[in-house]
Number of protein chains: 2
Amino acid sequence: MTDISRSGCPINLSLEVLGDKWSLLIIRDMMFGNRRHFRELLTKSEEGISSNILADRLKTLLDEGIITREDDPTHKQKGIYSLTEQGIELLPVLAQMAAWGYKYLPVSEELGIRARLLSEGGAKLWAEFMDELRESHLGVKRRKRTGPSVGERLQAAYESVVKRK
Amino acid sequence: MTDISRSGCPINLSLEVLGDKWSLLIIRDMMFGNRRHFRELLTKSEEGISSNILADRLKTLLDEGIITREDDPTHKQKGIYSLTEQGIELLPVLAQMAAWGYKYLPVSEELGIRARLLSEGGAKLWAEFMDELRESHLGVKRRKRTGPSVGERLQAAYESVVKRK
DNA sequence: TCGACTGATTGCGATTTGCAACTGGTTGTA
DNA sequence: TACAACCAGTTGCAAATCGCAATCAGTCGA
């Protein structure tokens, strides 16, 4: 990551932080896959990132204030990565990107179902999911709610497609 | 651009098409700056893309069906690049990215004003602007409207900041 | 005819990427 | 206590990509 920026345009600045093939995929896995450890991000992702790239991107995302890292009390070597508020607010970007990809690219059925639900749910569903992320990543308490969470609903939809196969 | 994809995830597929530092900036300039020729995209952008990268990205975007190219009748060598519907529908992605960058990154005042207006305008303004793009890039006729277009309003806001300096 | 302009292409060094192997340490189990 | 499995990274190296500068051939207006 270079220190000097090409321009002060918000889109350009965002791309200088996120405009590579992996950063947003890591954030996607933290958001939708609840991956919080290095190993989980390394091995449980669809795309198979290599460890040096993962280490490098996590470092950059830390520097940029998009994620944080703290020690896992259950294991001296484990670190737990969490999204910051800034990271959580990338959800609309990912959601729009997912909706566009779902509409125009050859998305697989099982991986597209979440994009569809998220797209159909609109801004209101995104806000609800972001609140859930604030609870699980920032420790912010939420009002009690009824029924399954957005995260659970997305997961259930995914598994129902996978099971049918 | 590789032909084989890492996964069928919509976010991953979108990133394989757009996940580099330049593609979305080219689309941004076509959308908001009304740049339609190679030369315009090459020299009138804030960031200064080099000509080989621009040529390569335009080719990729053509292949992906995000833009089209046709000959300019006024000059046998000039081509006019236009956004397709698929390209126009990247507006929400760019708008969300601009909003996020505007909120969290050191955006310059003159280049941030459009992001702010676009963000405040919300989905309704985006839809209106996309309709204008359909008219100027796809030749789709629109119903007559009153007052300045979204594109004109964005441009006016930008110039008012630049002039004040 | 000429100089400026058009959309590119080429050569080349610097940077980034991706794979595989490896490091130093921790944990659970016997 | 011994040991295999697991943990978060690091290192070396080859290949691909990036980015700058120079260049190219066709076209236009004077």
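Throughout, a chain's letter reflects where its sequence line sits, starting with A, and its residues are numbered from 1. Any value given below was found using the heavy atoms of this structure, including those in side chains, with hydrogens, waters and symmetry copies removed.
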Would you mind reading off the distance between [X] atom [atom1] and [N] atom [atom2], rounded to a whole angstrom?
X	N	atom1	atom2	answer
Ile53(B)	dG7(C)	CD1	P	18 Å
Arg6(B)	dT17(C)	CZ	C1'	10 Å
Arg69(A)	dA8(D)	CZ	P	8 Å
Leu15(A)	dC18(D)	CG	P	14 Å
Asp72(B)	dG26(D)	CG	C1'	15 Å
Ile26(A)	dG9(D)	CD1	C1'	14 Å
Lys21(B)	dG19(D)	NZ	P	8 Å
Leu54(B)	dT10(C)	CG	C1'	16 Å

(message) Check Glu47(A) with Arg28(A), please: is the shortest side-chain N to carboxylate O separation under 4.0 Å?
(response)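 Salt bridge present between Arg28(A) and Glu47(A).
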(message) Assess whether a salt bridge exists between Lys21(A) and Asp20(B), defined as any Lys/Arg side-chain N lying under 4.0 Å from an Asp/Glu carboxylate O.
(response)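 Not counted as a salt bridge, because no side-chain N and carboxylate O are separated by less than 4.0 Å.
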Show the atom names and distances, to 0.1 Å, of all donor-acceptor pairs under 3.5 Å that link a side chain in residues 30-38 of chain B to residues at least two apart or in another chain.
{"from": "Arg35(B)", "atom 1": "NE", "to": "Gly33(B)", "atom 2": "O", "distance (Å)": "3.4"}
{"from": "Arg35(B)", "atom 1": "NH1", "to": "Lys44(B)", "atom 2": "O", "distance (Å)": "2.8"}
{"from": "Arg36(B)", "atom 1": "NE", "to": "Tyr81(B)", "atom 2": "O", "distance (Å)": "2.6"}
{"from": "Arg36(B)", "atom 1": "NH1", "to": "Ser136(B)", "atom 2": "O", "distance (Å)": "3.4"}
{"from": "Arg36(B)", "atom 1": "NH2", "to": "Ser82(B)", "atom 2": "OG", "distance (Å)": "2.7"}
{"from": "His37(B)", "atom 1": "ND1", "to": "Gly79(B)", "atom 2": "O", "distance (Å)": "3.1"}

Tabulate atom names and distances for all N/O pairs under 3.5 angstrom spanning the protein and nucleotides 11-14 of chain C.
none

[N] phosphate, OP1 or OP2, under 4.0 Å from [X] side-chain N/O:
X	N	value
Trp22(B)	dG19(D)	yes
Arg57(B)	dC18(D)	yes
Lys59(B)	dT9(C)	yes

State which residues pass salt bridge (Lys or Arg N to Asp or Glu O under 4.0 Å) with [X]; sequence neighbours excluded, sorted by chain then number.
X	result
Glu85(A)	Arg134(A)
Arg114(B)	none
Glu152(A)	none

Partner residues of [X] under the side-chain hydrogen bond (donor to acceptor under 3.5 Å, both in side chains) criterion, sequence neighbours left out:
X	result
Lys103(B)	Glu89(A)
Glu128(B)	Arg153(B)
Glu135(A)	none
Glu40(A)	none

I'd like a list of close polar pairs between nucleotides 27-30 of chain D and the protein, N/O only, cut-off under 3.5 Å.
{"from": "dC28(D)", "atom 1": "OP1", "to": "Lys76(B)", "atom 2": "N", "distance (Å)": "3.0"}

(message) Taking side chain to side chain contact (heavy atoms under 4.5 Å, CB included) as the definition, give me every residue that meets it alongside Ala127(B), ordered by chain and number, with sequence neighbours left out.
(response)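 Here no residue qualifies.
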(message) Which is more 5' along DNA chain D, the nucleotide nearest Ala55(A) or the one nearest Lys78(A)? Just name the residue.
(response)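 With Ala55(A) and Lys78(A) compared, the 5'-side residue is Lys78(A).
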(message) Please list, in numerical order, the residues of residues 32-50 of chain A that have a heavy atom closer than 4.0 Å to any atom of DNA chain C.
(response)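 Residues of residues 32-50 of chain A that come under 4.0 Å of DNA chain C are, in numerical order, Ser50(A).
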(message) If I compare all heavy atoms of Leu138(B) with all of Leu83(B), which pair ends up nearest, and what's the gap?
(response)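 Where Leu138(B) meets Leu83(B) most closely, the heavy atoms are CD2-O, 3.3 Å.
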(message) What's the closest nucleotide to the side chain of Ser51(A) if the choices are dT17(C), dA20(C), dA8(C)?
(response)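 So the nucleotide nearest the side chain must be dA20(C).
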